[in-house]
Amino acid sequence: MSSRENILGRIRASLHRVDGDGATARVHAHIGAHGMSARPSVVGDLTAGFREKALALSTSIDEVVNIQSVPAAVAAYLSANALPMNAVCWQALGVLDWASHGVTMAARPARESDKVGVTEVFCAIAETGTLMTLSGAHTPPVTSLLPETHIAVLRVSQIVPSMEEAWQRLRETPDYPPRAVNFISGPSRTADIEQTLTFGAHGPYRVHVILVNS
Amino acid sequence: MQLTSHQFKARSREKLADANLQGALKKLQGNFVKGRADRVAELENFPAIRDAAAAIRARTLDHLDLYLEEFERNATARGAVVHWAETTADVNRIVCELAAKYDVKKVVKSKSMVSEECALNDALEAAGVQVVETDLGEYILQLAKEAPSHIVAPVVHKSKDQVSDLFAEKHNLPRKTGIPELCKEAREQLRPHFASADMGISGANFIIAETGSTLIVTNEGNGRMCTTLPRVHVAITGIEKVVPTLEDIATLMRLLPRHGTGQTITNYISVTTGAKRQDDTDGPEHFHIILLDGGRTKLLGGEMQDMLRCIRCGACMNHCPVYQSVGGHAYGWVYPGPMGSILTPTYVGLENALDLPNASTLCNQCGVVCPVKIPLPDLMRKLREKQFAQGLKPRTETWGLALWRWTAQRPRIYAMLTQIAARVLAVMGSSDKLIHNLPFGGGWTQGRDLPAPQGKTFRELYKSARLSETQKLG
């Protein structure tokens, strides 16, 4: 008997599982129903809710009118914080006009030496101020992880009330489920030494969201 | 991890006298206890969410075999390899075999309490593989060759100065004194390891039957590194961690960070499903998931089953007056506090951890704060009953109780003895009418005084009250 059979056998014996009692069908039906449990109501404007919660997580936020305005906002953020004007970004953002705003942008996955990574997001959660990103050929997770500064471009239409809606949206994607779903709630942090909160443990020191209104 | 739970009393005495530790434990109460209360107050329907979380965990356990099979089917379909381990030794064997198969020289680890159960690092090092813990707390412990003392804040027992000394010695760099500087130094030491490691090992806070995914909750980002950069990812977890759906994760994520660290949400929640896809530029080429029994099936179907609902938040220990006084190391195994006082005896044997089910005042703070409503004091009481039934209680205790039972069944003798005892104790009281050192009860009076009996005994008062009652009626 394999370990698998031994373990499952012990579980079945402990639970007095009887074959053909319909439990398997019930379990499949339960999973398939994707039932929601009690949750807090997220009331009011989603964008305002997201903004308030994200700021509380030490994420900073800027707002622009359309996607073409993103490079200027990125340039302004980098220079205001005395950060390098070299950055890497996800492929879809590579088409924007970075050069005329003084940003040297490379549309490739981040490497160890890159200081600034710019990504889009899959969606964002108003309840907690969280960004949700999916891995993929053109959306490498390393870009939001390795650089000291992560800038995320978020469209207002991507903000959902809670994680439940985020999962529903995910199920509708063509490559569902992706290899990695990363929920990001502010800059990397630790409080391991004397429970003193410190930013930039292993991941980014700064997370900056550029909210695109259209 | 080596088991030293039988030394609980001796270790507790040591820890009570450790000023450094006592200071650290006070801070823990301030941050985690207040943090939890504040974050829970944010949820207007918290009781309903808590009920739902407990129901999700209970339901899954009632169908554990079926959800595990569903998890395995979906994980395998997405390119992960699922292994089943009956014992912690099996986990170590499987990981070492994988390390050999993929020619692994270096492993980076994100925090995993199950790997502590297995003493996995020792097994890998014995097999010639370098292991680097990358959670800051676990990294400090690895350098100091110590065990974690808390399941969420593993290095809570160490002061900043101790970390400064340790880093200066081990890194061979000028001694830093600021916490941000110490964190930065650890970041710079650990960064090169992520890129050069061949294998990343993580735990899993949950595994999801619907998708065959593993999920980790972290703040530092090391968990993301370990599951993204090395070419092999191995996730190790207990069989009880399965939940049915992604919606269930949404519910549990409202409670785990709030109860664990007093956060609304942790910085990163990472859900990984299968290995790197064909066109992906990052992610591991091989993804293995090890499911450990390690004593868990023994709890199923019996009076201890509720314990398997545990989501490892640590709230029970943060709120426990015993943990708050002695810290985690006194408990002598991987899991301290009330949850550890149940898990240690049930996983490693009741006879090996006699003090633990008794290391509780049964005040029920742990039961009140448990996010999945585990009746922790009831379970500790059941373990005490088992100890008694199996004759594992110390002889002085069983004889003492037998003697008391004998006298309690004989009212005349009982009355006589208590009258004598009351008189003797009254005489023993010092000028302040307190007994500072009780014979046969020295342990009890070590930390407090016993007020010496004053005036008449209850029986005498009762008798005279009844007498005057009859006179009145007459």
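Residue numbers begin at 1 in each chain, while the letters A, B, ... track the order of the sequences.
- For B:Ala24, the part lying under 4.5 angstrom from a heavy atom of chain A is the backbone only.
- At a 4.5 Å heavy-atom cutoff, the contact between A:Ser188 and chain B is made by backbone and side-chain atoms alike.
- Using a 4.5 Å cut-off between heavy atoms, A:Arg108 makes no contact with chain B at all.
- Residue contact with chain B, scored on non-hydrogen atoms closer than 4.5 Å, involves the backbone and the side chain of A:Pro177 alike.
- For a residue to count as touching a neighbouring chain, one of its non-hydrogen atoms must lie under 4.5 Å from one of that chain's; by this rule A:His28 touches chain B with the side chain only.
- When atom types are taken as modelled, the side chain of A:His202 and the backbone of B:Thr134 share a donor-acceptor pair closer than 3.5 angstrom.
- Taking CD from B:Gln162 and CD1 from A:Ile193, the interatomic distance works out to 11.5 Å, rounded to the nearest 0.5 Å.
- Counting heavy atoms from C-beta outward, B:Asp135 and A:Asp192 have side chains that approach closer than 4.5 Å.
- For the salt bridge (Lys or Arg N to Asp or Glu O under 4.0 Å) with A:Glu194, the lone residue among B:Lys158, B:Lys160, B:Lys27 that qualifies is B:Lys27.
- The part of A:Pro178 that comes within reach of chain B is its backbone (N, CA, C, O), which places non-hydrogen atoms under 4.5 angstrom from that chain.
- Of the listed residues (A:Ser144, A:Gly129, A:Ser162), the greatest number of heavy-atom pairs within a distance under 4.5 Å of chain B belongs to A:Ser144.
- Listed by chain and residue number, B:Glu42, B:Arg258, B:Thr264 satisfy the side chain to side chain contact (heavy atoms under 4.5 Å, CB included) test with B:Arg39 (two or more places apart in sequence, or in another chain).
- Side-chain N/O atoms of A:Thr190 and B:Glu220 include a donor and acceptor closer than 3.5 Å.
- Side-chain atoms of B:Asn267 come within 3.5 Å of backbone N or O of A:Pro187 as a donor-acceptor pair.
- Separating the CG atom in B:Asn31 from the OG1 atom in A:Thr196 is a distance of 8.0 Å, to the nearest 0.5 Å.
- Formation of a donor-acceptor pair under 3.5 Å by the A:Arg4 side chain with backbone atoms of B:Val82 is not found in this model.
- Heavy atoms closer than 4.5 Å to chain B are found nowhere in A:Thr133, neither backbone nor side chain.
- In this structure, the separation between SG on B:Cys183 and CZ on A:Phe199 is 11.5 Å, given to the nearest 0.5 Å.
- Across all non-hydrogen atoms, the minimal contact from A:Pro109 to B:Thr281 is CG-OG1, 3.6 Å.
- Between A:Thr130 and B:Ile269, the closest side-chain pair of non-hydrogen atoms is not below 4.5 Å.
- Using modelled atom types, one side-chain atom of B:Arg187 and one backbone atom of A:Gly203 make a donor-acceptor pair closer than 3.5 Å.
- In this structure, the side chain of B:Arg191 engages the main chain of A:Leu146 through a donor-acceptor pair within 3.5 Å.
- Under the 3.5 Å distance criterion, the side-chain polar atoms of A:Trp167 are matched with a main-chain donor or acceptor of B:Leu246.
- A:Arg189 and B:Asn219 are not linked by any side-chain donor-acceptor pair at a separation below 3.5 angstrom, with hydrogens and angles left out of the test.
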